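Each chain gets a letter, A, B and so on, in the order the sequences are listed, and its residues count up from 1. Note that the structure is predicted; figures quoted are calculated from it, not measured.
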2 protein chains.
Amino acid sequence: MTETEAPTTAALHLWEEWPALSESERVERFRELPQDEVNDFFLTLDPTEQVALVLGLPPAERVLWLRLLDPDDAADLIQISPPEERAGLLELLDEQTRTEVRALLAYQEDQAGGLMSPRFARVRPDVRVDEAIRYLRKQAGHVETIYYAYALDSQQHLKGVISFRELFQAPSDKLVQDVMHTEIISVPEDLDQESVARIYVEHDLLAIPVVDREGRMKGIITFDDIADVVREEATEDIQKIGGTEALDMPYMAASFGALVKKRAGWLTLLFLGEMLTASAMAYYQDEIAAAVVLALFLPLIISSGGNSGSQATTLVIRAMALGEVRLRDWWRVLRREIIVGISLGAVLATIGFIRIVVWHGAFHLYGEHFLVIALAVALSLVGVVLWGSVAGSMLPFILRKIGLDPASASAPFVATLVDVTGLMIYFTVASIVLRGTLL
Amino acid sequence: MTETEAPTTAALHLWEEWPALSESERVERFRELPQDEVNDFFLTLDPTEQVALVLGLPPAERVLWLRLLDPDDAADLIQISPPEERAGLLELLDEQTRTEVRALLAYQEDQAGGLMSPRFARVRPDVRVDEAIRYLRKQAGHVETIYYAYALDSQQHLKGVISFRELFQAPSDKLVQDVMHTEIISVPEDLDQESVARIYVEHDLLAIPVVDREGRMKGIITFDDIADVVREEATEDIQKIGGTEALDMPYMAASFGALVKKRAGWLTLLFLGEMLTASAMAYYQDEIAAAVVLALFLPLIISSGGNSGSQATTLVIRAMALGEVRLRDWWRVLRREIIVGISLGAVLATIGFIRIVVWHGAFHLYGEHFLVIALAVALSLVGVVLWGSVAGSMLPFILRKIGLDPASASAPFVATLVDVTGLMIYFTVASIVLRGTLL
């Protein structure tokens, strides 16, 4: 974790301009920074930006920057480097760090083990408080945080934890084991980062210990890693909700090719799904030919279903991500969405009905059967909005149940689903209501 | 900030069941918790849940829980309580805290001043390091974090900052002002919380000082406040992107009335906007009557525009929220989206063209002019997808420029905008391409 050494004016200035610079300009400007500012500047960059910068430097200079990083940050950087560069970068580290980084690289990047730092403050449970404080002072320069000290037995099993502040306030002659907390919140090394972030935020911890299956302590995850995860996960969810694959890089840093690739997949899938509307429309071709007026309201009706579905799906996806809604809550959510869907449908139906009647009064657009048409539109709206709310809210549950990411129930996905079915609802309602008049 | 006292089994158990319990069940189960677990349990709850719980308790018990909170957390709780309860809750605090809370309540909840705690560790710049450490030890029980100590002059101007770890490693006989950092990252008291979170995460700080216009230190914002903000802001953005007003409460905690109210506004606005499609369709009524086959592809084409627009808008909204894209970058984004939009449009146009030709070969659905129809659909797709990408990416810039939240450029909003214009693009292209054949 970087300390509070604030970037001074030249660094702040470069930080301002950074997003607008090309990679070669970045390297050049970075090398011009004064000696006393350049380290802090480097440490405030994202790992992706650090990689680009380091690889843009001559090999002799790379070593400086790699050795500046804590092992968990160095592991992150190496993990996202191009495969052919990784071995070379690893070689630049000093021996101890290299060993630690190799161990960290064995974890998935998005697991607790991939987030943690192996450099935490440790104490023996059977030493006196004043000895522990003295021992911690010696460790201060080498650990990620001295805010918590972890009490380990000789086999590295995590036995207790004590905050530095508590140790400070405890009587000097007590033993650590008498003042430490023994009910410890820890996470297993293979827990996914989204769950780690949830536990972390729920319990307001400053650092969380990572243990293996045998309860041996492997490292700590500190707040800076978590803040990044919380943002990353939200970014991924937002991008998925928008109907894109997660970019995994800043928007402006993505090449045209990458942008097209990340978007074309879903867009094509949705397009193929939406083709069913053409088939469904072909099925109702005779009705449309007999009453062209029906087609006029088609976009209005199916988009209302898509909009209500988009609302429902984003609310449920976010509630799931925050742990407010769990798989077993599907029935309670369904019940809510049925009532909400009928209410929202009734609001739109009323507006739609009035709109048709008033417009007809003013412009005589819809022929003698305008009242029946208004009725068909209003009834369809209730049905379509209800269906949109139900489909949109249940889709994330179905996706999670079959092991997929609920956030894939994107607004466009739900809209497409509801377009096809909404169209069928509309023409079915219309053919019943208009039978004997227009059809 | 709560320390690491871990909830033990009974509390963890209740925590598990919490979301599924009614308010009265929550109060009842909460009161059954063992004495040594109940405090920690209370502190892990959200402010909304704390309010509900406290107000569910008899007045005599309320005082216990209110006094457990740090002033910033107490202020949060009082701020979100029903107006008629606020004065009563304020009365329950001890006198010093009440004064601090009153001062905090003067700030907007979503400004730096509303997030900060007035309890930070302070030192004089002109004392020796060992004296400073001794003085900090005394403050340890009363401040939010001792991780950073702030050096203030006699008028409370912030002169420097030093981390506890650095103080620890510094020679005892130096003065604080010789070892402290004087380039300080601080935020003004009226800065909005989204910007505070961005600065915080960019600089990997553990706490950030809040100063007034004269540079006097007013408080600190610590990581737990920021983690909540990062999540809250992401939740608001996601809900807005889905086309709902921000709920400002957990989905399952919202009443039916609140859910309908938060959703009906946007849904109705979108519905009114979408009504323009009916007017536009009425304008092209003769074309539809002459070539019903045109109507068949209408949902397919307009939804493709909506989907590409939804992708573009969510990518840009998120990039703006993360500070990757700024207002002045609009031209670079536009250039990207034009190229990406044409590429994506070309992909869909190719698929659409092939689909129509193949289907026609198989089912003879589209009459003798099927090739011209396929051409009209393909060209419209390029135009609509391009337009969707451009409109979707530029809308957040326009909203921000006129002072609105870019996240209001929701997927449904963009889809509605693109539906109306997409329809006009389609019929214009069709009437040009099909002139002399079908029209």
Quick one: pull up [atom1] in [X] and [atom2] in [Y] and give me the separation to the nearest 0.5 Å.
X: A:Leu267; Y: B:Ser389; atom1: CG; atom2: OG; value: 8.0 Å
X: A:Arg263; Y: B:Leu344; atom1: CZ; atom2: CG; value: 5.5 Å
X: B:Ile301; Y: A:Thr277; atom1: CD1; atom2: OG1; value: 9.5 Å
X: B:Ile302; Y: A:Leu298; atom1: CD1; atom2: CG; value: 7.5 Å
X: A:Leu259; Y: B:Glu337; atom1: CG; atom2: CD; value: 6.5 Å

Of all of [options], which one pairs up most often with chain A through heavy atoms under 4.5 Å apart?
options: B:Ser410, B:Gly257, B:Gly352; result: B:Gly352
options: B:Ala295, B:Ser304, B:Ser303, B:Ala415; result: B:Ser303
options: B:Leu276, B:Val316, B:Val333, B:Asp329; result: B:Val333
options: B:Thr416, B:Val347, B:Ile351; result: B:Ile351
options: B:Lys262, B:Met275, B:Glu233, B:Gln239; result: B:Met275
options: B:Ile208, B:Leu348, B:Thr244, B:Thr314; result: B:Leu348

Is NZ or CZ of B:Arg336 both nearer than 6.0 Å to the six-membered ring centre of A:Tyr251 and within 45° of the ring axis?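 Judged by the rule (NZ or CZ under 6.0 Å from the ring centre, within 45° of its axis), B:Arg336 counts as positioned above A:Tyr251.
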
Does B:Arg335 make a cation-pi contact with A:Phe256, if we ask for NZ or CZ under 6.0 Å from the ring centre and within 45° of the axis?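 Geometry flag: not set, cation outside 6.0 Å or 45°.
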
Which answer fits [X], side chain, backbone, both or neither, if we ask what part of it has an atom under 4.5 Å from a heavy atom of chain A?
X: B:Leu272; result: side chain
X: B:Ser343; result: side chain
X: B:Ser393; result: neither
X: B:Ala312; result: both
X: B:Ser279; result: both
X: B:Leu423; result: side chain
X: B:Val414; result: neither
X: B:Asn307; result: both

Decide yes or no on side chain to side chain contact (heavy atoms under 4.5 Å, CB included) for A:Trp266 and B:Gln311, but give the supporting numbers first. CA-CA 10 Å; A:Trp266 264 110; B:Gln311 291 186 332; 4.2 Å; yes

If I measure from the heavy atoms of chain B, does A:Ser186 come under 4.5 Å with its side chain, its backbone, both, or neither?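 No part of it gets close to chain B.
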
Identify which part of A:Ala280 has an atom lying under 4.5 Å from any heavy atom of chain B, answering side chain, backbone, both or neither.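 Nothing of A:Ala280, per the 4.5 Å heavy-atom cut-off to chain B.
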
Charged N to carboxylate O below 4.0 Å: is that the case for A:Glu274 and B:Arg355?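 The answer is no: the pair does not qualify as a salt bridge.
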
Less than 4.0 angstrom from a charged side-chain N to a carboxylate O is my criterion; do A:Glu232 and B:Arg318 meet it?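 No, this pair does not count.
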
Stepwise, does the side chain to side chain contact (heavy atoms under 4.5 Å, CB included) test hold for A:Phe271 with B:Leu381? CA-CA 11 Å; A:Phe271 187 72; B:Leu381 277 169; 3.5 Å; yes

Among the listed options [options], the residue most often paired with chain B at heavy-atom distances under 4.5 Å:
options: A:Leu247, A:Leu270, A:Ile288; result: A:Leu270
options: A:Val420, A:Asp419, A:Val292; result: A:Val292
options: A:Ile356, A:Thr182, A:Val340; result: A:Val340

Pair B:Val260-A:Ile339, side chain to side chain contact (heavy atoms under 4.5 Å, CB included): steps then yes or no: CA-CA 9 Å; B:Val260 171; A:Ile339 303 181; over 6 Å; no

Shortest non-hydrogen separation from B:Gly242 to A:Ser310 and the atoms involved: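 Closest approach of B:Gly242 to A:Ser310, heavy atoms only: O-OG, 3.0 Å.
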
Does the side chain of B:Ile238 reach to within under 4.5 Å of the side chain of A:Ile317, using non-hydrogen atoms?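 SC-SC contact between B:Ile238 and A:Ile317 ruled out.
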
Sub-3.5 Å donor-acceptor pair from the side chain of A:Glu324 to the main-chain atoms of B:Pro250, do we have one?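 Between the backbone of B:Pro250 and the side chain of A:Glu324 there is no qualifying donor-acceptor contact (under 3.5 Å).
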
